[in-house]
Amino acid sequence: SIRFEAACDRGDRITLAAVGDLLFHAALQRQALSGRGSYKQFWRPVAHILEAADITYGNLEGAVAEGVAGGGR
């Protein structure tokens, strides 16, 4: 088993931010890619939280590459 004997001792720390199950379906992809838009617009309300973390993780639930059709083709 894994044990962290000194887990609460003073020392270097990192901050993690996590978001899960990002599913950018077709309507959100169109919104993000229209005009001068980008996927960043969806994160504006919480950007300050995500940017403050040392590591930010999100679980992407599908393809968002331009030209990828339904079914991942």
*Asks:* Answer with yes or no whether the hydrophobic clustering places Val46 together with Leu22; edges join I, L, V, M, F, W, Y residues whose side-chain heavy atoms lie under 4.5 Å apart.
*Replies:* yes

*Asks:* Just verifying a value: how many Å separate Gln29 CD and Ser34 OG, rounded to the nearest 0.5 Å?
*Replies:* 12.0 Å

*Asks:* Are Leu33 and Tyr39 close enough, and set up right, to give a side chain to side chain contact (heavy atoms under 4.5 Å, CB included), and what steps lead you there?
*Replies:* CA-CA 8 Å; Leu33 300 174; Tyr39 289 95; 4.1 Å; yes

*Asks:* Taking all non-hydrogen atoms of both residues, which atom of Gln41 and which atom of Gln31 are closest, and how far apart?
*Replies:* NE2-O, 3.3 Å

*Asks:* What is the minimum heavy-atom distance between Leu28 and Leu23, and which atoms define it?
*Replies:* CD1-O, 4.0 Å

*Asks:* Is there a side chain to side chain contact (heavy atoms under 4.5 Å, CB included) between Val19 and Leu50 once you walk through the steps?
*Replies:* CA-CA 9 Å; Val19 297; Leu50 302 177; 4.2 Å; yes

*Asks:* Look up atom CH2 in Trp43 and atom OG1 in Thr56, then write down how far apart they are to the nearest 0.5 Å.
*Replies:* 10.0 Å

*Asks:* Determine, step by step, whether Asp21 and Glu61 satisfy the side chain to side chain contact (heavy atoms under 4.5 Å, CB included) criterion, reporting the C-alpha distance in whole Å, the side-chain angles of both residues, the deciding distance to 0.1 Å, and the verdict.
*Replies:* CA-CA 6 Å; Asp21 298 340; Glu61 288 286 321; 3.1 Å; yes

*Asks:* Counting only N and O atoms by type, is there a donor-acceptor contact under 3.5 Å from the side chain of Glu51 to the main-chain atoms of His48?
*Replies:* no

*Asks:* Can you tell me how far CD1 of Ile49 sits from OG1 of Thr15, rounded to the nearest 0.5 angstrom?
*Replies:* 12.5 Å

*Asks:* Check the orientation of Phe42 and Phe24. Use parallel for under 30°, tilted for 30 to 60°, and perpendicular for over 60°.
*Replies:* parallel

*Asks:* Just wondering, are more than 12 heavy atoms of other shown residues or ligands nearer than 6.0 Å to CZ in Arg13?
*Replies:* yes

